[in-house]
Colleague: 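Can you read through this structure? Questions will come right after.
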2 protein chains.
Amino acid sequence: MSGGEKVLNERKKAILKAIVDAHIAGGEPVGSKFLTQNQQIGCSSATIRNEMAELEEMGYLEQPHTSAGRIPSEAGYRFYVDLLIDRYNLTESEIEELRGALRQKQNELDAIMQTAVTLASKLTNYTALSLRPRQARIAVGRFELMRLDDTTAVLIMLIGSVVKTKYIRSNRAIPPEATSLLAGVLNAKITGLTAGEITLPLIMEMERMMGEYDYLVSPVVRAVCETISGFDGGELRFEGINRLLAYPEFYDMDRLREMLALFEKKDKLLEVLSDEAHSGDRVQIYIGRENLVKVMDNSTLVFKTVTQDGKPVGAIGIIGPTRMNYRRVIATIDSLSRNITEAINAPKDKDGSES
Amino acid sequence: MSGGEKVLNERKKAILKAIVDAHIAGGEPVGSKFLTQNQQIGCSSATIRNEMAELEEMGYLEQPHTSAGRIPSEAGYRFYVDLLIDRYNLTESEIEELRGALRQKQNELDAIMQTAVTLASKLTNYTALSLRPRQARIAVGRFELMRLDDTTAVLIMLIGSVVKTKYIRSNRAIPPEATSLLAGVLNAKITGLTAGEITLPLIMEMERMMGEYDYLVSPVVRAVCETISGFDGGELRFEGINRLLAYPEFYDMDRLREMLALFEKKDKLLEVLSDEAHSGDRVQIYIGRENLVKVMDNSTLVFKTVTQDGKPVGAIGIIGPTRMNYRRVIATIDSLSRNITEAINAPKDKDGSES
DNA sequence: ATTAGCACTTGAATCATCGGAGTGCTAACC
DNA sequence: GGTTAGCACTCCGATGATTCAAGTGCTAAT
């Protein structure tokens with residue numbers, strides 16, 4: 001709000017960066033004296049104090065109380081993050097672990113995301129999250145029907161690249177020939193349609209096609225619709241929640257409780273993330289309440305989209321205190337999402353010749 | 001260790017019960033004076049003090065420090081719980097909510113358990129858990145194969161009453177006629193077999209049966225084995241972790257962290273629970289470290305098995321502070337598991353005639 | 001423009017004090 | 001003998017005073 005030119009001289013930059021670094025490392029406010037140790041800044045504490053006062057005026061720093069050091073404001077973190085173009089690179093072994101874990105799961109997006117989120121949490125030591133965003137257009141691409149006994153069958157649906165199943169029970173018989181017929185009708189008539197596009201005339205036509213087995217259409221279609229609506233809700237998973245506790249900013253019970261409540265109130269988050277998830281190919285970083293829910297005062301969200309055939313099919317990210325190790329987190333998330341995207345887009349894995 | 005007859009006179013029972021009740025309600029140690037308000041105990045504080053001293057000697061009570069009131073020991077809670085034969089009954093509306101939620105999901109054990117665990121957490125206000133125990137003998141009961149394109153297919157397996165799917169990718173073509181052939185071979189040869197029973201001769205025989213498509217057998221069998229071994233690991237889910245925070249006994253950060261760490265270290269829990277899950281038709285209650293992992297000093301675990309065709313297929317439970325509302329929790333878990341068991345065993349739901 | 005120095009502010013830690021709650025025990029009471 | 005009133009004793013927790021150290025802002029000197 002209040003003015004302040006955007007231009008920072010080199011020394012201010014160095015000081016700001018040093019403050020953020022120090023605060024990330026220690027978690028405490030940092031004072032002028034401490035900064036004199038930093039080689040990059042060749043001046044006395046008094047000078048630094050003056051600079052810090054100006055940085056505070058510009059909104060990059062904050063003072064918890066009069067006689068404490070400074071901590072970076074959200075704007076300060078933002079500046080710092082934007083500065084970080086030189087990526088922290090994962091070590092060879094970390095990359096290997098990642099690749100190895102992904103190689104197991106062939107194209108099972110669900111399983112892959114689960115693996116990835118665990119890995120992300122482990123590698124960064126923060127809470128990780130995986131997201132399957134809400135999608136506008138959900139439709140079944142392929143149906144299959146597996147008959148179990150006289151009155152039971154399993155309906156198998158391919159949605160995107162995810163397989164969903166649903167039990168069908170009927171109080172009238174489901175003869176073997178009816179299942180294949182029904183599967184054929186379903187594939188012919190309602191592949192590619194969203195729940196809203198399955199109309200009554202369509203259903204009636206299907207019933208006509210089913211002949212004497214018309215009674216099966218209604219329950220099956222209902223099952224399809226249920227599955228579709230269940231699917232488009234998106235999905236959000238967390239892993240490593242307890243890692244939050246290791247960081248002093250969450251030692252405050254109330255804050256922690258808010259955070260956990262946030263984790264459970266997935267709907268809200270999902271909504272926001274689903275929007276954001278569609279945007280861009282880069283790692284996205286939300287600092288504090290920059291954009292998202294306001295609960296996240298002291299937290300930062302880092303995530304990146306996973307795409308298949310150019311379309312976002314999920315996202316993976318990290319949530320943690322604002323003073324997080326950005327280099328590492330960014331690198332991890334970037335690398336993970338890149339590898340997942342790669343794994344699900346370049347199929348054809350060579351069939352190793354084990355005994 | 002030190003002696004003490006098991007017999008408690010009526011007054012002692014009344015006092016012990018009153019203390020547990022009060023401590024559950026308030027969370028604080030309870031003193032002799034407070035208990036005089038209780039109508040059931042018609043005597044003065046001094047008498048009560050004497051009785052309490054004896055109860056402490058017998059091991060049913062503890063004193064945090066000399067000049068505090070008493071709190072129930074684990075043995076005290078145990079006694080209290082065993083005393084609770086009169087069940088707390090859920091209200092009509094609660095039962096209705098439960099039934100309604102279950103009715104939606106037809107026999108999808110996974111979805112049902114998910115619903116149930118959410119409900120359990122909501123109804124009791126504690127952290128709830130659902131368990132699919134480790135099982136000794138896992139075998140596929142039925143195979144189906146869905147062809148997607150020239151090199152991809154989805155293998156669909158019915159394990160118990162759970163459907164699992166797995167992508168199959170091949171670097172050689174998967175022609176349509178091969179899929180049905182392969183499904184037939186799989187159904188003929190390896191239904192009912194555990195991973196260990198799928199031997200090399202068997203595989204070779206299958207390859208012979210597949211004729212020119214023999215190259216498909218190996219990757220598919222491998223997928224089957226992976227799925228089976230993935231499945232027998234059991235599964236443990238938590239819901240409502242943040243509810244723990246509402247209780248003062250978890251206001252201690254370290255305790256809380258231990259607890260959360262426990263939640264993530266599912267393997268261990270799974271192991272213990274899988275054993276226990278097989279036992280009995282009653283609600284099981286573990287108080288403190290009575291039996292389980294030692295982390296759970298101040299916590300109680302209440303759970304009950306869900307059975308299908310008489311066999312345990314899962315369990316649902318609550319975890320919370322030792323001073324929990326046992327009546328309510330026991331009733332909820334009992335009712336939930338009973339309803340689930342009912343839902344998955346008595347199929348044939350009437351097909352309502354909605355327009 | 002930079003720096004040294006100093007007065008000032010403020011939260012955190014330490015310590016002593018005090019009050020209340022609750023006990024255990026003894027002596028009186030039924 | 002069981003029950004109760006009374007009292008001395010213990011111990012925790014809250015309160016408040018004091019001290020301490022860190023860090024600032026400002027002024028004057030370089």
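Naming convention: chains lettered A, B, ... in sequence-line order (proteins, then strands); numbering from 1 in each chain. Side-chain atoms are counted along with the backbone in the values below, which use heavy atoms only and exclude waters and symmetry mates. Source: prediction; values computed, not measured.
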Colleague: If you only use heavy atoms from C-beta on, which nucleotide in D:dG25, C:dT23, C:dT3 is closest to the side chain of B:Gln63?
Modeller: C:dT23
Colleague: Between P on C:dT23 and CD on B:Glu62, what's the gap in Å once rounded to a whole number?
Modeller: 15 Å
Colleague: Indicate whether OP1 or OP2 belonging to D:dG2 is found under 4.0 Å from a side-chain N or O atom of B:Arg11.
Modeller: no
Colleague: Would you confirm whether A:Ser121, through its side chain, and A:Thr118, through its main-chain N or O, come within 3.5 Å as a donor-acceptor pair?
Modeller: no
Colleague: How close or far is atom C1' of C:dT23 from atom CD of B:Glu51, stated in whole angstroms?
Modeller: 16 Å
Colleague: Just the rounded figure in Å: distance from P of D:dT24 to NE2 of A:His65.
Modeller: 10 Å
Colleague: Specify the separation, in whole Å, of atom CG of B:Asn50 and atom P of C:dT23.
Modeller: 11 Å
Colleague: Can you tell me the distance, in whole Å, between the CD1 atom of A:Ile41 and the P atom of C:dT2?
Modeller: 13 Å
Colleague: How many whole angstroms separate atom CD of A:Glu28 from atom P of D:dA22?
Modeller: 12 Å
Colleague: Look up atom CG in B:Leu16 and atom CG in B:Leu61, then write down how far apart they are to the nearest 0.5 Å.
Modeller: 6.0 Å
Colleague: Could you tell me whether the phosphate oxygens of C:dG22, OP1 or OP2, come under 4.0 Å of any side-chain nitrogen or oxygen in B:Ser32?
Modeller: no
Colleague: Which part of the nucleic acid, if any, lies within reach of A:Ala68 when heavy atoms closer than 4.0 Å are counted: base, sugar-phosphate only, or nothing?
Modeller: sugar-phosphate
Colleague: Could you check how far CG of A:Leu35 sits from C1' of D:dG23, rounded to whole Å?
Modeller: 12 Å
Colleague: Could you please name the option among D:dG23, C:dT23, C:dA21 that lies closest to any side-chain atom of B:Ser67?
Modeller: C:dA21
Colleague: Counting distance alone, no hydrogens or angles: does the base of D:dT10 have a donor or acceptor under 3.5 Å from a partner atom on the side chain of B:Thr66?
Modeller: no
Colleague: Mind checking the CZ-CD1 spacing from B:Arg11 to B:Ile41? Nearest 0.5 Å is all I need.
Modeller: 9.5 Å
Colleague: Measuring from B:Ile19:CD1 to B:Ile24:CD1, what's the distance to the nearest 0.5 Å?
Modeller: 12.0 Å
Colleague: In terms of side-chain heavy atoms of B:Arg70, which of C:dT23, C:dG11, D:dT24 is nearest?
Modeller: C:dT23
Colleague: Please state whether the base of D:dG6 and the side chain of B:Arg49 form at least one donor-acceptor pair under 3.5 Å?
Modeller: yes
Colleague: May I have the distance from A:Glu54 (atom CD) to C:dA1 (atom P), rounded to whole angstrom?
Modeller: 10 Å
Colleague: Side chain of A:Cys43, heavy atoms from C-beta onward: which of D:dT4, C:dG24, C:dT3 has the nearest atom to it?
Modeller: C:dT3
Colleague: Nearest 0.5 Å, please: how far is OH in A:Tyr80 from NZ in A:Lys13?
Modeller: 15.0 Å
